[in-house]
There are 2 protein chains.
Amino acid sequence: MIDPQQARTQVLLAANALFYQRGIQAVGMDAVRSAAGISLKRLYSLFPSKDALLIEVLKGWTAEWNEGVSLASSSATTPRDKLLAIYDFLDGWFRQDDFRGCAFINSFGELGAVSPDVAEIARGQKLAFQHYVASLVEELGGSPALAAQLAILAEGAQTTAAISGRPDAAFQARAAAEVLIRRELTA
Amino acid sequence: MIDPQQARTQVLLAANALFYQRGIQAVGMDAVRSAAGISLKRLYSLFPSKDALLIEVLKGWTAEWNEGVSLASSSATTPRDKLLAIYDFLDGWFRQDDFRGCAFINSFGELGAVSPDVAEIARGQKLAFQHYVASLVEELGGSPALAAQLAILAEGAQTTAAISGRPDAAFQARAAAEVLIRRELTA
DNA sequence: TTGCGTTGAGAACGGTCGTTCTCTATAGTA
DNA sequence: TACTATAGAGAACGACCGTTCTCAACGCAA
């Protein structure tokens with residue numbers, strides 16, 4: 001474990017999984033250290049503090065989300081299908097064994113009130129998603145209101161799947177989205 | 001401050017506000033004690049542990065939510081208007097200065113992975129809300145799918161208003177709900 | 001007044017966590 | 001081989017938190 005780049009990746013992978021699975025405050029730096037298999041000194045030489053590590057993990061989550069969404073929509077051709085692909089992506093995610101809700105919603109709930117950085121990153125991620133939806137809706141000739149509604153459906157599906165344990169929330173959100181889209185396009 | 005009932009109420013009020021405003025782990029028992037204006041010994045004679053106190057606070061949140069929803073729907077007469085009143089209730093809530101998102105979503109994000117009690121209470125609250133929506137939708141002659149979709153819209157509005165800071169999420173959710181309801185009733 | 005049970009205020013305890021420090025082993029160089 | 005610089009392992013430190021304990025003040029019955 002000499003390569004700094006590789007050690008850094010190991011730490012980020014470990015922290016990513018631990019923070020997501022158990023919550024941020026519930027995971028100590030020692031747990032991250034042991035999961036990453038490096039020494040505490042090395043860990044602190046790679047990331048100056050737990051806060052700094054958390055910021056990097058949050059950035060990683062942003063990348064993961066963006067990749068997942070863009071991968072799901074890559075097989076779709078029309079803007080409408082790209083929009084609906086979002087809910088298919090959610091469906092696959094909700095059914096994973098380690099699904100524990102949206103990492104940004106969870107982080108915001110845990111630290112949003114106490115850490116402006118966390119609140120701002122979560123907010124940025126949500127706004128970026130809304131922007132993505134809005135751009136597709138615009139291509140489609142829909143209104144900004146429709147875009148907002150489709151984003152709300154995606155958010156609601158995530159909390160419903162996580163807390164109520166209902167993976168079919170993605171399917172329901174998709175069905176609602178289809179209705180809302182069709183209504184605007186045939187009006 | 002001799003009346004045990006009154007002291008208990010003071011503690012619950014203080015803990016309610018502090019936990020909601022700053023998060024649960026960020027608030028120490030000493031902060032609760034000082035906000036409630038009682039001694040630590042008395043606090044622990046009223047609630048045997050922080051966990052026990054948290055459970056009671058969560059129950060209080062459940063009662064607050066139920067009262068808010070039923071109050072909002074009390075002025076409506078038809079099932080459709082009662083359903084839409086939910087989003088009006090959300091709208092008023094989102095615009096309050098101290099709005100910091102749904103307490104159950106936040107608690108679940110913070111402790112759901114680590115405390116089965118918190119996870120179960122949050123789940124119970126969400127399921128009860130879904131049940132309430134479903135009963136109104138049934139009165140209205142709508143399908144279970146419509147009920148699920150209306151609940152998802154409400155959840156999504158809450159996270160969107162909280163994280164993105166968009167109080168108009170309630171309005172957007174309401175507009176979407178109107179479309180979905182109308183579509184089922186005129187089909 | 002005297003003794004006793006209760007209560008309040010907060011010091012104290014044990015544990016944990018983020019962070020730093022010490023010490024040892026090792027690798028590289030002349 | 002001798003010296004030096006680095007890095008690993010984990011002990012140590014200071015702070016904080018949930019919880020308990022001490023102790024003094026108070027109310028009250030006789």
Side-chain angles (χ1 to χ4, degrees), chain A residues 1-58 106-107 109-118, chain B residues 1-58 106-107 109-118:
Chain A
M1 199 79 51
I2 294 169
D3 182 11
Q5 200 69 13
Q6 184 185 347
R8 193 184 154 87
T9 304
Q10 293 267 14
V11 171
L12 285 175
L13 276 174
N16 182 318
L18 288 171
F19 288 167
Y20 179 65
Q21 223 67 238
R22 304 189 207 158
I24 296 154
Q25 300 181 83
V27 172
M29 289 296 268
D30 204 63
V32 174
R33 175 208 65 89
S34 120
I38 66 171
S39 78
L40 216 50
K41 187 175 180 180
R42 187 102 130 114
L43 173 53
Y44 273 92
S45 80
L46 291 166
F47 301 93
S49 67
K50 188 182 183 182
D51 286 345
L53 172 58
L54 174 59
I55 300 298
E56 295 305 309
V57 169
L58 288 168
N106 292 345
S107 303
E110 180 170 359
L111 295 172
V114 109
S115 160
D117 288 343
V118 170
Chain B
M1 200 79 50
I2 296 170
D3 183 10
Q5 202 67 14
Q6 185 185 346
R8 192 184 155 89
T9 304
Q10 293 267 14
V11 171
L12 284 175
L13 277 174
N16 183 318
L18 288 171
F19 287 167
Y20 179 64
Q21 224 65 239
R22 303 190 208 158
I24 295 154
Q25 298 181 85
V27 172
M29 288 296 268
D30 204 63
V32 174
R33 176 207 66 87
S34 120
I38 66 171
S39 78
L40 215 49
K41 187 176 180 179
R42 187 104 133 111
L43 173 53
Y44 273 92
S45 78
L46 291 166
F47 301 93
S49 69
K50 188 183 183 182
D51 286 345
L53 172 59
L54 173 59
I55 299 296
E56 296 305 309
V57 170
L58 288 168
N106 292 345
S107 304
E110 179 170 1
L111 295 173
V114 110
S115 160
D117 288 343
V118 170

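By convention in this document, chain letters (A, B, ...) are assigned in the order of the sequence lines, proteins followed by strands, and residues within each chain are numbered from 1. Hydrogens, waters and symmetry mates play no part in the numbers below; they use all other heavy atoms, side chains included.
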Criterion side-chain contact (heavy atoms from CB on, under 4.5 Å) on B/Leu111 and B/Leu54, from CA distance to verdict: CA-CA 11 Å; B/Leu111 295 173; B/Leu54 173 59; 3.8 Å; yes
Short side-chain N/O contact to D/dG8 OP1/OP2 from A/Arg42, under 4.0 Å: yes
Side chain A/Glu110, main chain A/Gln25, donor-acceptor under 3.5 Å: yes
Using a cut-off of under 3.5 Å, enumerate the N/O to N/O pairs linking the protein to nucleotides 13-19 of chain D.
unit_1	atom_1	unit_2	atom_2	d
D/dG18	OP1	B/Lys50	NZ	2.5
D/dG18	OP2	B/Met29	N	2.7
D/dT19	OP2	B/Tyr44	OH	2.9
D/dT19	OP2	B/Lys50	N	2.8

Euclidean distance, A/Leu43 CG relative to A/Ser39 OG, rounded to 0.5 Å: 8.0 Å
Length of the CG-C1' vector between B/Leu46 and C/dT7, whole Å: 13 Å
Integer-rounded Å distance: D/dA11 P and A/Lys41 NZ: 16 Å
Candidate pair B/Met29 and B/Phe47, rule side-chain contact (heavy atoms from CB on, under 4.5 Å), full reasoning: CA-CA 11 Å; B/Met29 288 296 268; B/Phe47 301 93; 5.7 Å; no
For atom CG of A/Leu43 and atom P of D/dG8, their distance in whole Å: 11 Å
Contact check, side chains of B/Leu46 and B/Ile38, non-hydrogen atoms, under 4.5 Å: yes
Test item: A/Asp117 and A/Ile55 side chains (from C-beta on) under 4.5 Å apart, heavy atoms: yes
Between P of C/dA11 and CZ of B/Arg33, the distance in whole Å: 10 Å
